[in-house]
Structure formats: structure tokens, C-alpha cells
Amino acid sequence: MESEQLFHRGYYRNSYNSITSASSDEELLDGAGVIMDFQTSEDDNLLDGDTVVGTHYTMTNGGSINSSTHLLDLLDEPIPGVGTYDDFHTIDWVREKCKDRERHRRINSKKKESAWEMTKSLYDAWSGWLVVTLTGLASGALAGLIDIAADWMTDLKEGICLSALWYNHEQCCWGSNETTFEERDKCPQWKTWAELIIGQAEGPGSYIMNYIMYIFWALSFAFLAVSLVKVFAPYACGSGIPEIKTILSGFIIRGYLGKWTLMIKTITLVLAVASGLSLGKEGPLVHVACCCGNIFSYLFPKYSTNEAKKREVLSAASAAGVSVAFGAPIGGVLFSLEEVSYYFPLKTLWRSFFAALVAAFVLRSINPFGNSRLVLFYVEYHTPWYLFELFPFILLGVFGGLWGAFFIRANIAWCRRRKSTKFGKYPVLEVIIVAAITAVIAFPNPYTRLNTSELIKELFTDCGPLESSSLCDYRNDMNASKIVDDIPDRPAGIGVYSAIWQLCLALIFKIIMTVFTFGIKVPSGLFIPSMAIGAIAGRIVGIAVEQLAYYHHDWFIFKEWCEVGADCITPGLYAMVGAAACLGGVTRMTVSLVVIVFELTGGLEYIVPLMAAVMTSKWVGDAFGREGIYEAHIRLNGYPFLDAKEEFTHTTLAADVMRPRRNDPPLAVLTQDNMTVDDIENMINETSYNGFPVIMSKESQRLVGFALRRDLTIAIESARKKQEGIVGSSRVCFAQHTPSLPAESPRPLKLRSILDMSPFTVTDHTPMEIVVDIFRKLGLRQCLVTHNGRLLGIITKKDILRHMAQTANQDPASIMFN
């Protein structure tokens with residue numbers, strides 16, 4: 001996702017933080033429709049409340065443990081607009097949790113009053129399970145729809161079923177009695193475009209016509225996909241996982257999980273996969289599931305009015321997305337825990353498990369692949385692996401790590417170039433060019449012409465007596481001394497050698513095209529292309545090891561366990577291990593990846609080879625850079641994401657990072673009882689900060705609390721409309737007791753109710769390691785720095801990100817929302 005999309009949709013709005021110490025969901029509901037608009041000088045000020053104009057520092061709200069209690073006690077009448085968040089701001093986790101506890105106490109205190117209150121209490125308790133059930137149902141149904149539509153449209157590039165237009169190639173020939181074993185995909189009901197247009201099934205004319213129609217359909221699908229994304233939902237492009245990670249860390253991106261994004265992403269995902277581009281649908285399915293979770297959460301006030309609670313639903317939704325993408329419910333839960341979730345309490349674990357279960361059940365009921373499995377490439381191997389094979393498995397892990405490191409660097413370099421050159425201004429043209437190159441090169445090679453999922457299925461499949469693929473074109477050896485149940489290892493035939501050459505070309509093609517495809521303006525996942533690259537490499541290595549064992553079975557490494565005529569080596573297993581290694585090298589996933597792959601393939605006894613390859617891949621990849629592809633894209637886009645996995649080891653103090661710095665202007669602060677309405681309005685108009693510390697007086701600098709810009713503006717505007725006698729010269733009072741004023745003075749304005757009385761504070765000598773840990777574990781947006789109770793400065797989340805970038809010799813200016 002890039003800045004051009006945001007400008008296109010007008011998302012760079014003049015907006016401010018709206019977090020206050022709201023006490024209840026009702027206050028949030030009251031304020032839901034209030035929109036305030038002010039002028040700022042920089043787009044970056046809108047992100048997190050952390051960026052400042054010129055040399056100024058930033059202000060955001062204070063996370064207060066007791067803030068909700070203060071508001072309940074002091075706010076007689078809720079002020080409309082208080083308690084909502086603006087676009088591109090970070091939520092206050094602590095305030096949201098306090099607010100939820102207060103809501104829970106209120107419901108518990110009322111539930112014994114009447115049967116209706118008891119019913120409401122039960123509904124509130126069960127709403128979490130209801131929303132994840134609905135999310136699972138919708139995710140499973142949409143995934144089944146996407147799978148069926150993508151299969152049909154992929155086959156549409158090659159021909160059409162005349163007996164039933166809605167059948168894909170395989171379904172079309174199911175009922176035919178005229179197919180043969182060798183040519184099981186040929187039947188009179190299925191017509192290629194050459195047969196329909198020029199009446200020829202064979203020959204150069206037929207080949208050229210099919211080639212032209214393949215390119216035509218590929219370009220049509222790609223153009224339609226990118227046009228729909230550009231016009232209706234710019235947020236529907238990409239995989240969505242970097243943005244989901246950022247949103248789950250507490251960032252607000254309005255519209256990213258909305259109904260338009262869901263609708264367009266579902267449609268364009270089918271078109272993008274069918275166009276033959278080197279991308280997958282698995283990553284975007286996580287985005288689709290999170291859209292479902294976000295939409296359903298608005299049906300329940302418990303989640304619609306609390307951003308922290310909503311993120312629990314989104315964590316469960318991401319588990320459901322992986323569950324239907326790979327048919328791996330447990331892997332989905334672990335993926336959510338390991339890869340995307342920022343806050344993952346135990347009850348979220350249970351609900352994620354339930355959402356993944358429901359989604360997998362729905363997908364299984366739909367049975368999109370017609371094989372009674374959740375995924376297309378379910379395989380079963382019957383040969384055990386041997387200790388010697390760990391060596392080639394580890395080699396595949398090294399290849400996966402090298403591929404991951406190369407891909408991340410190359411893709412990020414290309415995406416950065418796209419941002420900084422004119423090429424990025426023509427997303428439709430870029431997609432058309434990539435689709436055209438892909439189609440032209442892919443068609444002549446049967447392995448690149450195949451749908452990527454079909455390719456992985458063929459590479460994973462073991463060669464049995466019913467396989468007619470050229471990968472299984474072995475010469476039958478009639479002199480085997482021992483016959484076992486499985487087909488023994490045999491010498492490779494001409495078909496196998498030609499297939500290896502085609503696979504080598506396919507590997508080079510996939511590596512190059514995936515670098516340029518991931519990040520274009522269509523829905524594009526990375527899981528399947530990475531797995532395909534690893535599966536190709538693994539199958540080539542597997543065949544090589546198999547032939548080595550056949551011709552040199554008397555070597556000491558084979559002698560003990562590989563007898564002549566025995567089925568020792570399974571090339572399909574090497575493809576599976578290679579696929580896991582390459583995906584691990586790109587994403588740096590470990591536990592969840594191993595579980596996903598063994599759920600995906602049913603290869604439970606091959607966990608050790610998978611673990612060895614995945615860990616090797618991670619170690620090799622980490623040697624070149626610790627970031628996975630999603631973290632790299634988060635950094636590229638400048639999202640304010642504080643990675644919990646990243647270590648901070650520098651010995652700096654809070655005073656070294658806080659603002660204002662030595663040459664900066666002093667803090668813009670409010671005093672508790674000697675400023676007028678005009679003074680505050682002037683300060684709001686003259687600065688772009690999102691909040692202001694409140695002190696006792698300019699002389700003492702003793703901290704009283706923290707007031708948000710948005711809340712001040714809304715409260716003053718509300719007071720002018722509803723309270724008589726409030727004028728520009730009215731004294732604004734944040735103190736508990738109004739000071740004595742002359743008799744002729746206008747009525748004072750009491751704003752203690754919007755003041756956060758317990759903002760988080762640290763001293764100037766607090767080590768930054770502790771400050772960073774506080775920000776990560778409590779989800780803070782900023783904390784104030786004091787010395788003996790006197791206010792010195794402020795540290796925001798973005799200040800920490802800039803400081804970490806500086807210490808890592810990166811450009812601190814890149815910590816912006818690009």
C-alpha cells in the first residue's frame with residue numbers, strides 16, 4: 001500500500017487525536033458522528049500525533065490507568081465527539097482497557113436488577129463468540145467462492161466447456177466416457193480456443209491461436225483487476241499483511257477493513273490469480289477475513305466502540321484467514337500469534353481457534369476442489385525419511401534463506417524505486433506490462449503455464465502407478481532383486497530429464513517475476529509463489545538424490561538403508577521441504593510455518609525435516625538481515641510499528657530522546673486556571689500539536705495532567721453553544737475548585753472533565769530500554785518526562801522509532817507515514 005492510493009482516496013485528511021478519558025460506550029456512540037476539521041501544515045502530523053512542524057516536538061494523549069474513573073466522576077453530561085479516534089492515529093491501549101473494565105463493572109452491577117438486564121449481560125458475554133462465529137462463516141464461504149471462481153477463470157484462458165459453461169476443465173471431463181488414461185484431460189466437451197475459432201486442435205496454427213488467446217485473457221483479467229482497485233478501493237491492493245500487523249499494533253487506517261475493500265478485494269483477487277501473475281491468494285485471504293471480522297464487530301457495541309477489543313476480533317479473523325487459505329486451522333492460530341498479533345490474551349487464543357475451526361468447516365462443506373480436502377495439494381507419502389537425508393534438507397534450508405534475503409532486498413529496492421520515479425504514477429500500465437511479460441514467457445513452458453497451486457500439487461505428488469506426468473517418466477527396471485509394496489527407485493527417463501530442464505527455466509522465471517510482481521496494485525500474496533520456487537528447487541534436488549541412490553547404492557551413505565529395488569527417496573518430500581524453506585526465508589516464520597505445512601500436506605512424520613529446513617532458512621536469512629518481508633514493507637511505508645521482536649540495547653536515557661531538545665522552543669503548555677478561552681484557541685490555531693500538558697503555573701512547572709487538542713476544541717465549541725456567558729475572555733479552569741474572580745468577570749469554563757489526570761510519566765534518568773519496553777507492553781502513544789515532579793518534555797512513539805532508526809544507522813526521517 002502506498003501514498004498514491006491514500007492521496008487518491010483523500011485519506012490524508014486534516015485530523016487530530018480524539019482520545020479522552022471517556023467513561024462509557026454510550027459517550028463514544030454519542031460522539032460517533034461528530035467530525036472536526038482543522039488546518040495543519042504537514043500530512044505527517046496526522047499519523048500518530050507525533051510529528052511536528054519545524055523543530056517542534058509532538059503531543060499526544062496520556063495513557064491513564066484511572067482516567068475512566070475520573071471521567072465518570074466528573075463528567076455530568078457527555079460531550080459529543082469525545083472518545084473517538086481520527087484516521088492515521090494510534091489508539092491508547094491503556095485507556096481502551098480501562099474503559100472496557102468500567103463497562104464490564106457497570107453491566108455486572110445492573111444484571112441482578114431485572115430479567116432484561118440479565119439478558120443484556122448474557123448477550124454481552126456471548127457477543128465475542130458470536131462475532132468470531134460470523135467471521136469464520138463468512139471467511140470460509142468467501143474462500144470457497146474465490147477458489148471455485150479462480151479455478152474456472154484460470155481454465156478460461158485455455159478453453160471453455162460447451163456442455164456447461166460454468167465448469168472448469170477438470171469438471172467438464174468428469175462425466176465424459178471418451179477420455180483415456182494417458183489423455184485424461186482431453187474430452188469432446190472441452191474445446192480449446194483454437195478449436196472454437198479456427199477449427200484446429202493440433203498444428204502450429206492451433207498453437208499460435210491458443211497463445212494469442214492466453215495472452216488476451218491474461219491481460220484482460222489483469223487490466224480489470226487493477227482498474228477496479230484504482231477506481232473503487234485502492235486499499236485492496238497488495239497482500240494486506242503488513243497493514244494488518246500495523247492495525248493490530250493499534251494504528252487506525254480508516255477504510256482499510258471496510259465493506260468496499262472487502263468487495264473489491266474478493267473480486268480482484270480472483271481476477272489477479274486467474275491472470276497468471278506470479279502471486280497467490282493466501283495472504284490476501286487474511287485481509288479478506290479481517291475485513292469480515294471488522295464489519296461484524298460493528299454489530300456488537302462491546303467491539304464497535306472499543307478499538308482494543310476490536311483488535312481481539314481481528315486477531316481471530318487473521319487465524320480464520322490462514323485456516324481457509326491453507327486448510328490449516330491450528331497453523332492459522334499459530335500464525336496469528338507468531339506473525340501478526342500485537343496483543344494476544346488467552347481468550348483471544350480460544351476464539352481464534354474457534355474462528356479457524358468454523359472457517360475450515362465451512363470450506364470443507366463447500367469442497368471447492370472436489371477432493372474432499374481443504375486444499376488442492378494434499379499429499380500422502382508412504383516412505384520414511386532417513387538420517388542421511390537431513391543433509392540435502394538442510395541444503396534446501398540454506399537455499400530458502402538465500403532466496404529470502406535476495407527477494408527482500410530486491411523487492412524493497414524495486415518498490416522504493418517505484419515510489420521515487422515516474423513509473424509509480426502509472427500503476428495500471430505497470431500491471432499490464434508485468435502481466436504481458438508473464439503471459440508471453442509462461443505459455444511455452446507447461447510448468448509456468450499451470451496455475452501455481454496446480455504446479456505445487458504436481459511437484460508435491462509422489463510418482464505412483466497412476467501418474468502420467470513427465471516428472472514420473474522413469475524407465476521400468478525389470479531386474480530388481482526385491483519388490484516391495486511401493487514402486488522402487490528407477491532410472492530417470494527422457495521425460496524426467498526434459499522436465500528438469502523446464503523446471504530450471506521455470507525456477508529462474510518465477511524468481512525474477514515474483515520480485516517485480518509483489519507490490520503491484522492488485523491483490524498479491526507471497527505464500528504460493530515462494531512455495532512454488534522452493535518446491536521446484538526441492539523436486540530437482542529430490543530427483544538428483546534419487547538417481548544418486550539408484551546408481552550408487554553401494555556407497556556407504558546408501559548401503560545400510562537403500563537396497564536395490566527399494567523405494568528409498570521420495571522427490572515429492574524434497575519439494576515439500578523446499579517449499580517450507582523458501583516461505584520461511586521470506587517471512588521468517590518458524591513454528592506456525594511448520595504446522596501449516598504438515599497440516600497442508602498431511603505429512604505428520606516429516607516434521608523433523610521441515611523443522612531442520614525452516615530453522616536453517618531463518619538462520620541463513622537472519623545473517624543477511626533480521627527483517628522478514630512484512631516488516632521490511634512496514635518500514636518502507638513508514639508505519640509507526642514498534643516491533644516486539646526487535647531488541648534495543650543502547651545505553652541512552654529518556655532525557656536524550658525527549659523533546660524539546662536543547663535548541664528547540666519551549667514546550668507549549670496550558671496552565672490550570674489562568675488562561676482564557678481566547679488564549680487556548682490561539683494556541684490551538686498557532687500550533688499543530690495534538691495535545692498539551694497542563695501545569696500549575698509557568699513558574700512551578702508542576703504537572704497536573706494532559707489535554708488533547710481535539711477534546712479542547714470540541715469542549716469549547718460545545719460550551720459556546722450550550723452554556724450561556726461563555727465568551728473569549730472567559731477563564732478556563734482545569735482545577736477542581738474555581739479560583740475567586742472579580743464580580744464583573746464572565747462565566748468561567750470548567751474543563752477538568754476532559755483532563756487526563758494521570759498521564760504516564762518517566763523521569764529524565766530512566767534508561768531508554770525501560771521506556772521502549774513500557775511503550776511495547778502497554779501500547780503507549782507517548783509519555784511525559786519529569787524531574788522531581790516538574791515537567792521537562794515528552795517522548796512519543798515516533799520519537800522512539802526515530803531514535804531506534806538513528807542507532808541502527810538508518811534515516812530517522814523515514815519514520816513517517818509515506
Side-chain angles (χ1 to χ4, degrees), residues 147-225 227 267 270-278 368-370 376 431-455 457-458 466-473 494-495 498-499 501-503 505-506 509 513:
D147 286 336
I148 292 166
D151 280 352
W152 178 76
M153 293 185 77
T154 300
D155 287 345
L156 188 64
K157 290 185 298 186
E158 297 183 3
I160 198 165
C161 185
L162 295 180
S163 58
L165 297 177
W166 56 91
Y167 279 177
N168 63 24
H169 193 167
E170 186 181 6
Q171 292 165 340
C172 190
C173 294
W174 273 350
S176 175
N177 296 321
E178 300 174 53
T179 55
T180 62
F181 177 74
E182 288 78 15
E183 297 182 334
R184 63 187 81 172
D185 59 339
K186 290 189 178 178
C187 60
Q189 290 87 346
W190 179 263
K191 297 289 184 186
T192 63
W193 291 111
E195 288 178 273
L196 285 173
I197 296 171
I198 62 174
Q200 292 181 14
E202 304 291 338
S206 166
Y207 183 86
I208 291 168
M209 179 52 67
N210 283 330
Y211 202 163
I212 291 168
M213 290 304 295
Y214 182 91
I215 295 170
F216 166 76
W217 284 112
L219 292 179
S220 300
F221 294 154
F223 175 73
L224 187 55
S227 301
I267 296 167
V270 172
L271 292 166
V273 171
S275 69
L277 288 164
S278 184
F369 303 110
L376 184 60
V431 172
I432 293 297
I433 291 171
V434 172
I437 293 170
T438 304
V440 168
I441 299 174
F443 186 84
N445 189 335
Y447 293 109
T448 49
R449 192 191 316 171
L450 269 178
N451 177 12
T452 313
S453 296
E454 291 276 2
L455 171 62
K457 178 187 175 185
E458 185 161 330
L466 300 179
E467 293 300 325
S468 59
S469 164
S470 58
L471 278 170
C472 296
D473 182 24
I494 297 171
S498 69
W501 279 111
Q502 289 172 333
L503 284 176
L505 294 172
F509 167 75
M513 291 314 301

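Positions are given from 1 along the sequence. Everything numeric here is computed off the predicted structure, so don't read it as measured data.
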Option from Tyr211, Trp217, Phe509 for which ring pair (Phe, Tyr, Trp, His ring centres under 6.0 Å) with Phe443 holds
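So, applying the ring pair (Phe, Tyr, Trp, His ring centres under 6.0 Å) to Phe443 and each of Tyr211, Trp217, Phe509, only Tyr211 qualifies.
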Side chains of [X] and [Y], heavy atoms from C-beta outward: is any pair under 4.5 Å?
| X | Y | result |
| --- | --- | --- |
| Thr154 | Asn168 | no |
| Gln189 | Cys173 | no |
| Trp166 | Gln171 | no |
| Tyr207 | Pro444 | yes |
| Thr448 | Ile441 | no |
| Leu156 | Phe221 | yes |
| Glu158 | Thr192 | no |
| Trp193 | Ile212 | no |

[X] side, atom [atom1]; [Y] side, atom [atom2] - distance, nearest 0.5 Å:
| X | Y | atom1 | atom2 | result |
| --- | --- | --- | --- | --- |
| Asn210 | Lys157 | CG | NZ | 13.0 Å |
| Glu458 | Ser453 | CD | OG | 13.0 Å |
| Leu503 | Ser498 | CG | OG | 9.5 Å |

